[in-house]
Novice: 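Got a structure for you, questions after.
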Amino acid sequence: MSTIVITGASGEIGHSLIEAFHAIGGNRLIALDLNPLPDDLRAMVDESITADVASPAAVEQLEKFEVDEVYHLAALLSTSAERNPELAHHVNVNGTLGLLSMARRIGTKRGTPVKFLFPSTIAVYGLPSVDQKRVAGAITEDQYLQPTTMYGINKLYCEQVGAYMSDRYGQLSESAGTSGLDFRALRFPGLISATTVPSGGTSDYAPEMIHAAAQGKPYACFVRPDTQIPFMAMPDGVKALLALAQAPLQSLTRRTYNIGAFAPSAEAIAEYVCRAFPNAEVTYAPHAKRQAIVDSWCADVNDQAARADWGWTPDYDMNRAFEEYLVPTISSVYA
Ligand code: SER
């Protein structure tokens, strides 16, 4: 039995991850969220802590447990972060640093590292122009790391701090080399869940379009039809987190991995949506600033490293995501 901490527990990834752990069974789940968990999630976890992830009180409460793994999902996403950059830095950076330090202390004391799973993002990339984005195509982890948003900057920094605290912490001190932390990050594309809608992201146009159509509501898409970024169905996102957590450390050649699934234009998503929901009404009303953010993200990711090192492969391409996951599940959600 492992003791597993999940922050941002009632967010989109948290929701699906808790369901997955509940189905697997046999672990002790400690959920942390800014707000009390909804009853359905509360029933699936062993402890539920309501606290600001970036507060000392949150760390103090979590540190009482013999934590084996942390899934640190709490964050302000890219659109929310641009509306309040200081708060984003506080939550996304200070909150992460507090938990990394906590995990490191627990692992060092025990003599076996705490695994720390961190959702990073395609927002760490900053393509200089739409033309170059088109030419660049699927990019690797080390290309175009010039994020334009607070969120992307926060996540890129935390990737590096996580690797530092795992491999080089206090490298001049005597305790250096005895890391209690095993940090692993995934750069998620836009995630699309059939059961929850995102809030505060800039990839939100895809899930918003699908959920609007399923409810029979018209949708004005806030990016141009030709806008392209990678997306993934939520079950694959959860699968990737669990697979990376289980991979033997010696098989990993890096601490941060791209993962991809499909990379449609907004127009292609609209076509799928209109086929699945023939009454769907999709129009385009690009929001200049949100458009610029998405234009700076890559058109697609090269995920060869994840495939080679820990056997990553998505279950859902776009067809299967729509036919076997999104459409049937969403239809029953709004039935
Ligand atoms: N979904 C995130 C956002 O839109 C990107 O990782 O902010």
Side-chain angles (χ1 to χ4, degrees), residues 7-8 11-17 71-85 87-89 91-93 95-96 117-127 133 139 141 144-159 185-211 221-224 227-238 240-241 244 256-266 269 286-287 289-301 303 306 314 321 326:
T7 73
E12 282 211 285
I13 304 176
H15 220 106
S16 296
L17 186 64
Y71 292 77
H72 174 39
L73 311 176
L76 261 76
L77 296 185
S78 54
T79 289
S80 301
E82 290 314 307
R83 295 198 170 117
N84 199 340
L87 178 65
H89 188 280
V91 173
N92 296 353
V93 175
T96 301
L117 276 291
F118 184 68
S120 189
T121 166
I122 52 167
V124 299
Y125 298 115
L127 282 290
K133 166 173 172 158
I139 65 176
E141 285 87 348
Y144 298 102
L145 292 173
Q146 282 92 33
T148 65
T149 60
M150 188 55 147
Y151 174 68
I153 292 167
N154 295 163
K155 288 285 185 175
L156 182 58
Y157 173 74
C158 287
E159 287 179 0
L186 285 172
R187 288 197 189 139
F188 280 116
L191 289 168
I192 312 177
S193 169
T195 50
T196 54
V197 265
S199 64
T202 319
S203 60
D204 295 4
Y205 58 91
E208 282 175 3
M209 193 188 291
I210 300 165
H211 282 265
C221 180
F222 60 79
V223 296
R224 293 183 315 267
T227 307
Q228 186 189 353
I229 59 167
F231 282 99
M232 178 175 287
M234 185 60 85
D236 272 334
V238 169
L241 273 173
L244 180 59
T256 296
Y257 287 91
N258 278 347
I259 46 167
F262 45 92
S265 63
I269 300 167
H287 179 288
K289 292 185 176 155
R290 296 181 94 185
Q291 179 73 58
I293 289 174
V294 184
D295 282 344
S296 78
W297 296 351
C298 53
D300 200 358
V301 288
D303 60 5
L326 292 170

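Values reported hereafter were calculated over all heavy atoms of this structure, with side chains retained and with hydrogens, waters and symmetry mates removed. When a ligand or atom number is given, it counts from 1 through the structure's own listing order.
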Novice: Do T202 and S78 have a side chain donor and acceptor closer than 3.5 Å?
Specialist: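 Yes, because at least one side-chain N or O of T202 sits under 3.5 Å from a partner of the opposite role on S78.
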
Novice: Applying side-chain contact (heavy atoms from CB on, under 4.5 Å) between R187 and each of V301, T256, T121, report the one that passes.
Specialist: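 Testing R187 for a side-chain contact (heavy atoms from CB on, under 4.5 Å) against V301, T256, T121 leaves exactly one candidate, T256.
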
Novice: Given a heavy-atom cut-off of 4.0 Å, could you list the residues near ligand 1 in chain and number order?
Specialist: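 Residues within 4.0 Å of ligand 1: L77, S78, T121, Y151, G201, T202, S203, W297.
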
Novice: Are the charged groups of E82 and R290 less than 4.0 angstrom apart, N to O?
Specialist: no

Novice: Quick one: salt bridge (charged side-chain N to carboxylate O under 4.0 Å, His left out) partners of D303, sequence neighbours excluded?
Specialist: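 Once residues adjacent in sequence are excluded, the partners of D303 under the salt bridge (charged side-chain N to carboxylate O under 4.0 Å, His left out) criterion are R307.
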
Novice: What pairs with D300 under salt bridge (charged side-chain N to carboxylate O under 4.0 Å, His left out), at least two apart in sequence or on another chain?
Specialist: none

Novice: Residues two or more places apart in sequence or in another chain: which of them pass salt bridge (charged side-chain N to carboxylate O under 4.0 Å, His left out) with E12?
Specialist: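 By the salt bridge (charged side-chain N to carboxylate O under 4.0 Å, His left out) rule, E12 matches no residue at all.
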
